[in-house]
K.L.:
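Structure below; questions to follow.
Both counts, for ligands and for their atoms, begin at 1 and track the order of listing.
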Amino acid sequence: MSYFALSEATAAAHLATVPVIHRILGGTSADWTVREVGDGNLNLVFLVTGPDGGVAAKQALPYVRMIGESWPLPLSRAYYERLALADQGRLASARVPALLHHDDDMALTVMALLTPHRALRGALIEGLRYPLLADHLAEFLANTLFYTSDLAVPAAQKKKRIAAYLGNTAMCRITEDLIFDEPYFDAPMNWHTAGLEDVVAAFKADTPLRLAVQDLKARFLAAPEALLHGDLHTGSIMVTDQDTKVIDPEFAFYGPIGFDVGMILANFWLAAFAEPGQRPGVPSDGWLLLQAARLWNGFADRFGSHWRNLDPLAEGGALHAIGRHAPALRETAIAARIDMIWRDALGFAGCEIIRRILGLAHVADLESIADVEQREACERRALSFARALLLMPDHFPEIAAVHRAIAPALLPA
Ligand code: SR1
Ligand code: MG
């Protein structure tokens with residue numbers, strides 16, 4: 001079938017041609033309810049419910065939804081998303097939605113309906129708390145990043161997996177431009193809260209900052225360490241009290257492990273910086289920073305455990321060999337590797353915070369602060385912190401040091 005964009009009017013009839021979907025929904029397509037709920041920047045998302053159950057159908061558009069047809073984007077991103085969902089599903093099955101159906105021609109992926117889940121970003125803005133969230137995210141990150149890396153996968157096999165994702169260039173290009181370049185020059189689609197003009201000008205003129213960001217761009221471009229989600233912000237996470245699912249891996253490719261880790265930490269930190277503006281006068285309960293710490297520490301612990309649990313006699317990945325030839329060095333190697341990931345994550349987090357305030361794609365955590373002066377104050381504090389992450393990583397040898405630096409910014413406005 002050749003591609004056409006589905007609508008609320010046509011989605012049911014189209015999905016009714018897929019037997020597995022028909023079985024899950026029950027009845028006939030006339031009994032089904034379809035709602036298009038996509039609120040991300042790129043795609044259509046249909047929630048379809050029938051007498052017996054529901055599904056979520058995600059369809060790529062041939063352009064960037066938030067901008068329109070003037071910014072074309074290949075449908076092939078749906079192919080890479082399905083590939084990543086399958087790979088991540090093997091490594092962290094409880095943390096990704098079940099894949100039910102995929103159609104490359106229609107750029108359509110149908111997944112189990114996540115209910116009663118909701119997107120994490122909106123829930124955090126409302127001040128909701130989730131007891132298992134940080135552990136679940138640590139599990140997702142450690143499993144997907146460790147078990148696709150050179151620690152676990154033999155070199156020839158790993159190169160084949162890198163190759164399998166190499167074509168996702170248009171999505172990588174969005175990240176290359178929007179995160180690492182555009183916030184630092186007068187890109188036409190940049191925008192910012194009124195009042196931040198001095199910071200915009202200062203960042204453009206900040207040579208050490210721009211060079212630090214370029215170093216991270218170089219890591220992003222040329223460090224295929226593991227299969228990344230590639231866009232791990234709080235809008236890509238669905239939650240309930242008991243469950244966490246990571247969705248939307250359409251930016252997936254093999255890149256530096258610290259990128260995924262830094263993206264999600266940055267989004268927790270952005271939520272924390274937004275809190276005083278969201279709830280003026282209310283002291284922070286510190287939960288967001290606690291989650292960031294639990295997430296990082298949980299990730300580092302699991303990453304180390306996965307390494308220690310590798311079969312010492314198996315071939316494993318190329319970086320596993322040291323464990324066989326020099327077992328006494330293994331603990332040092334684990335600590336050094338985790339430290340490298342931490343350093344990268346700090347830098348990538350700094351880039352993410354800056355682009356979410358000065359670039360094209362902002363976050364609702366800050367944008368929903370109605371009082372412009374409050375918003376500007378929160379954003380100034382976040383930008384100054386992000387600059388410190390990029391230029392003074394030695395000041396933050398562990399996450400507790402980061403949180404000591406952030407804490408004063410969380411005092412009631
Ligand atoms: C044009 S796409 C803008 C942003 O939305 C996606 O979710 C990614 O974060 C991308 O950078
Ligand atoms: Mg997305």
K.L.:
For R90, check side chain to side chain donor-acceptor pair (under 3.5 Å) against everything at least two apart and list the hits.
P.N.:
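Only D87 meet the side chain to side chain donor-acceptor pair (under 3.5 Å) criterion with R90.
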K.L.:
Tell me if the aromatic rings of H306 and Y147 count as close, with their centers under 6.0 Å from one another.
P.N.:
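That pair passes the under 6.0 Å test.
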K.L.:
Which residues satisfy the side-chain contact (heavy atoms from CB on, under 4.5 Å) test with A57, sequence neighbours excluded?
P.N.:
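Only L15, F46, L108, V110 meet the side-chain contact (heavy atoms from CB on, under 4.5 Å) criterion with A57.
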K.L.:
Compute whether any side-chain donor of one residue and acceptor of the other, for N190 and H192, lie under 3.5 angstrom apart.
P.N.:
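No, because no side-chain N or O of N190 sits under 3.5 Å from a partner of the opposite role on H192.
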K.L.:
Checking T109 against R82 for the side chain to side chain donor-acceptor pair (under 3.5 Å) test, could you report, in this order, the C-alpha distance in whole Å, the side-chain angles of both residues, the deciding distance, and whether it holds?
P.N.:
CA-CA 7 Å; T109 306; R82 187 210 55 87; over 6 Å; no
K.L.:
When you check ligand 1 against the protein, what N or O pairs turn up below 3.5 Å? List the atom names and distances, or just say none.
P.N.:
from     : atom 1 : to   : atom 2 : distance (Å)
ligand 1 : 5 (O)  : N41  : ND2    : 2.7
ligand 1 : 7 (O)  : D231 : OD2    : 2.7
ligand 1 : 9 (O)  : D231 : OD1    : 2.7
ligand 1 : 9 (O)  : D231 : OD2    : 3.4
ligand 1 : 9 (O)  : R355 : NH2    : 3.0
ligand 1 : 9 (O)  : R356 : NH2    : 3.4
ligand 1 : 11 (O) : R355 : NH1    : 2.8
ligand 1 : 11 (O) : R355 : NH2    : 3.4

K.L.:
Using the side-chain contact (heavy atoms from CB on, under 4.5 Å) criterion, which residues pair with E315? Sequence neighbours excluded.
P.N.:
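E315 satisfies side-chain contact (heavy atoms from CB on, under 4.5 Å) with P154 once adjacent residues are dropped.
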